[in-house]
Amino acid sequence: MPLALRVGGSSAARSRQACVTVCKAHKIAVLPGDGIGPEITKVALELLQAAGEAEGETFQFEEALIGGAAIDATGQPFPDETLQTCRNSDSVLLAAIGGYKWDTLPAAQRPERGLLALRSSLNAFANLRPAVVLPQLAHASTLKPEVVEGVDILIVRELVGGIYFGTPRGFTTNDKGEKVGYNTMVYSESEVERIAHVAFDAAMKRKKRLCSVEKSNVLEVSQLWREVVTRVAKQYPEVELSHMYIDNAAMQMIRNPKEFDTIVTGNLFGDILSDEASMLTGSLGMLPSASISGAGPGVYEPVHGSAPDIAGKDLANPMAMVLSAAMMCRYGLALPQVAAKLEAAVTAALDAGYRTGDLMSPGMKQVGTRGLILLNGLILLLASNWVVIKESQQHFDALVFGGLRFTVAGLAFSPFLKSAVADTELLLGGVELGVWSGLGYFTQALGLMTTDASRGSFISAFTVIVVPLLAGLSGKGVKPLTWASAIIALVGVGLLEQGGKAPNIGDAWGFASAVLFGIQVFRTEHFSRVLPQGSTLKLMSVIMATIAVMSASAALLLHPHETEHVLSHISSLPQMIADGHIPWMAIFYTGLLSTDVALWIEVIALHDVSSTDAAIIYTLEPVLGALFAYLVLDERWGPAGWVGAALIVFSSLATQLWGGDADGGAPNSAVEKVKTKNR
Ligand SMILES: NC(=O)c1ccc[n+]([C@@H]2O[C@H](COP(=O)([O-])OP(=O)(O)OC[C@H]3O[C@@H](n4cnc5c(N)ncnc54)[C@H](O)[C@@H]3O)[C@@H](O)[C@H]2O)c1
Ligand SMILES: CC(C)[C@H](C(=O)O)[C@@H](O)C(=O)O
């Protein structure tokens, strides 16, 4: 996930070298748990490793079972081995526990009991839950931006006492024979005192305002709480202490959250208030936490749970987990530089406009790892395409080559054509995409008759500007940055023209091809999201048939002699192939791989990735294309050509990274789909 954007690249090669011999690795007990736990743990560990390496720190991770995963493996939600692993570590990094599968177990055997046992065994009594509204997410909250902007609250929750652990507890039967469940909310003076000290100390480092939240108008336990907190306050004269009932605090948090600085509260009230506070920040997926004991390892975990509704669907927001790892580095391991790197990775990803589904809003780019990986494979195929086509055109007619290539490509998908024609929406969509692609391929082939393969592929980078422009023109307006990028790219093409051969008509065809493919990418995203799941192969069959018909017609109409020559020798076709008169290797390579497989991957990938994210990945295509041309065709440019090429790639990247509106029309439909289908 793009959180990796800015973690690496630091200074500390020398200290890393020194660390190999001098420093001890920081021992971390890693408890991925259940649901989305393993997914977000993977991201956090990768980043932690990278941030540590950048600062010359090493981590030794030891994984252990907890929650449902532990129940399945050992019958216990918190096995003794896990406790030992935690005790032997410097810190514990936990993701989340729980899930539907274990919801029907008796209370004492549920995954949640494993989590409570962990906290209490390590005496992790002080749970710090910061709720900070990052400027990038002020509009992500369901509350008005002016209400949440600048909110920075620290909730200090007592974690190993109160009603969660108080006895007596259990079930009994009353006089009427009814079943009765009961728990005891209990706090001793010393328990309140120690959490109050943590909260006052924290408030001293913040705005020196502490609000103690309880229910002393009704509960004796809260009356004691208020009494003890008021007493401890005398040791912190600089801190302004206020008291608030939990019901009022829950309301004030929504009405005017900025009135809060530090909050201290009991176990149950803290649990509820922190989930509520998360919605100020945009998502529960943004809230980290640290549970500290004063002695021994602390537990660092996101505030959210195992989110079973989205587990395994590549939708989880890993930021709370990454920020929990940052809290671990800052408070548990005294590694503020590593913590800062992790926090910077989160803000860099947000700055770049990347959002998981829970934070998605119009104009942002939704990330899905699966789609990004697929697209990276695709550009490798496309990049090699330029060279193969250019080489075969040196001794074979370009239009006949196209006709044969796309006939091969179309035939591969023809078995799905019959069921495709029965679906009118799919048929029309496939024909439209086929027309854009066919025109794109046609102009590409025309361009390559006269221009270099490397120059052709760089001019194709215009596709990445066409996509956001289309997104803008289709109703969202176009940001000045997008226009500026387009102009820089034009200058780049100008320089490129100075760099190699003289400008020629092939460059114009290449430009037209870039525009046509831009339209095709933009529309493919639309169709791959609106058409029902499972229609990819049918859609592909219509697209390929359309391109095959167009390219065969172009060959027949525009180069009739050359086409007739091949057709008239149809009976001796095997001989022609054997003689090497037909570049069959190139035809099958471009037909099956760089057409069928490439378009297929694109249709699947654009289901998960917005067209502008796809476009940014396509900027790599010309770079690889030029590399292939350099290696295979021995094409060379002058310095101006390289500067021009760099400008094209730069402008394309700039559009994507900093052009927040450049969204390719994805968001609304995609987000709706994510929400309703819980992919
Ligand atoms: N610390 C913990 O391990 C912890 C905390 C809370 C709940 N739980 C357990 O988790 C299970 C599910 O509980 P729940 O549904 O009430 O709460 P939850 O926090 O798991 O999920 C609540 C909602 O927020 C969403 N959500 C949560 N984290 C997200 C993330 N990182 N990215 C995107 N969306 C996210 C979920 O999809 C869900 O819609 C239960 O078994 C519960 O006991 C565990
Ligand atoms: C899962 C549950 C035991 C836990 C709690 O109530 O403490 C959770 O809600 C949390 O906030 O960490």
Side-chain angles (χ1 to χ4, degrees), residues 1 3 31-44 66-71 77-78 92-105 107-120 124-125 127-129 131 140 142 155 157-165 183 265-279 281-291 299-324 346 355-360 366-368 671 674-679:
M1 127 125 226
L3 274 183
L31 314 184
D34 310 317
I36 60 170
E39 303 165 40
I40 56 173
T41 302
K42 195 164 174 281
V43 176
I66 193 167
I71 295 173
F78 186 53
V92 179
L93 187 61
L94 170 107
I97 51 84
Y100 309 134
K101 184 178 173 189
W102 307 280
D103 276 352
T104 48
L105 289 176
Q109 293 162 27
R110 288 178 55 123
E112 289 78 0
R113 280 298 166 91
L115 178 60
L116 298 180
L118 166 74
R119 291 169 177 171
S120 98
F125 72 90
N127 183 212
L128 311 183
R129 298 191 156 188
T142 44
I155 298 176
R157 169 191 178 193
E158 200 290 324
L159 201 61
V160 296
I163 197 164
Y164 276 54
F165 292 91
N183 291 84
T265 188
N267 208 342
L268 180 62
F269 300 154
D271 180 42
I272 297 165
L273 272 190
S274 52
D275 264 35
E276 187 186 348
S278 77
M279 284 320 296
T281 70
S283 166
L284 188 51
M286 291 306 296
L287 242 61
S289 89
S291 307
V299 180
Y300 300 85
E301 52 168 321
V303 167
H304 63 74
S306 58
D309 51 339
I310 57 166
K313 294 178 178 161
D314 200 21
L315 290 173
N317 180 354
M319 293 190 177
M321 182 71 180
V322 174
L323 293 171
S324 299
V346 167
R355 302 287 185 271
T356 37
D358 55 319
L359 291 172
M360 193 56 198
Q366 183 155 0
V367 273
V671 176
V674 165
K675 281 186 187 152
T676 52
K677 286 178 51 201
N678 276 330
R679 277 184 301 132

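Ligands are counted one by one from 1 in listed order, and the atoms in each one are counted from 1 as well.
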Q: Give the residue and atom name of whichever protein heavy atom lies nearest to atom 3 (O) of ligand 1, and the separation in Å to one decimal.
A: Ile97 N, 2.9 Å

Q.
Any atom of ligand 1 sitting under 4.0 Å from a heavy atom of Ser306?
A. yes

Q: Measure Val303 to ligand 1 on non-hydrogen atoms and call it side chain, backbone, both or neither using the 4.0 Å cut-off.
A: backbone

Q: Check Arg113 against ligand 2 and report side chain, backbone, both or neither, counting heavy atoms closer than 4.0 Å.
A: neither

Q: Tell me which protein heavy atom sits closest to atom 25 (C) of ligand 1, plus the residue, atom name and distance to 0.1 Å.
A: Ala307 CB, 4.4 Å

Q: List the closest protein heavy-atom neighbour of atom 42 (C) of ligand 1: residue, atom name, distance to the nearest 0.1 Å.
A: Glu112 OE2, 3.5 Å

Q) Judged by non-hydrogen atoms, does Arg157 sit under 4.0 Å from ligand 2? A) yes

Q) Got a protein heavy atom sitting under 4.0 Å from atom 10 (O) of ligand 1? A) yes

Q. To the nearest 0.1 Å, how far is atom 13 (O) of ligand 1 from its closest protein heavy atom, and which atom is that?
A. Pro308 CD, 4.7 Å

**Q.** Heavy-atom nearest neighbour in the protein, as seen from atom 10 (C) of ligand 2, with distance rounded to 0.1 Å
**A.** Arg129 NH2, 3.5 Å

Q) At what distance is the nearest protein heavy atom to atom 8 (C) of ligand 2, and which residue and atom is it? A) Asp271 OD1, 3.9 Å

Q: Kindly indicate whether the side chain of Val299, heavy atoms from C-beta on, has any atom under 4.5 Å from the side chain of Leu159.
A: no

Q) Between Asn267 and ligand 2, does any nitrogen or oxygen pair lie at a separation below 3.5 Å? A) no

Q. Can you tell me the protein heavy atom closest to atom 37 (O) of ligand 1 and the distance?
A. Asp309 OD1, 2.8 Å

Q) Given that the side chain starts at C-beta and the backbone is N, CA, C, O, which of these parts of Asn317 lies under 4.0 Å from ligand 1, counting heavy atoms, or is it both or neither? A) both

**Q.** Beyond-backbone contact of Asp34 with Lys101, side-chain heavy atoms, under 4.5 angstrom
**A.** no

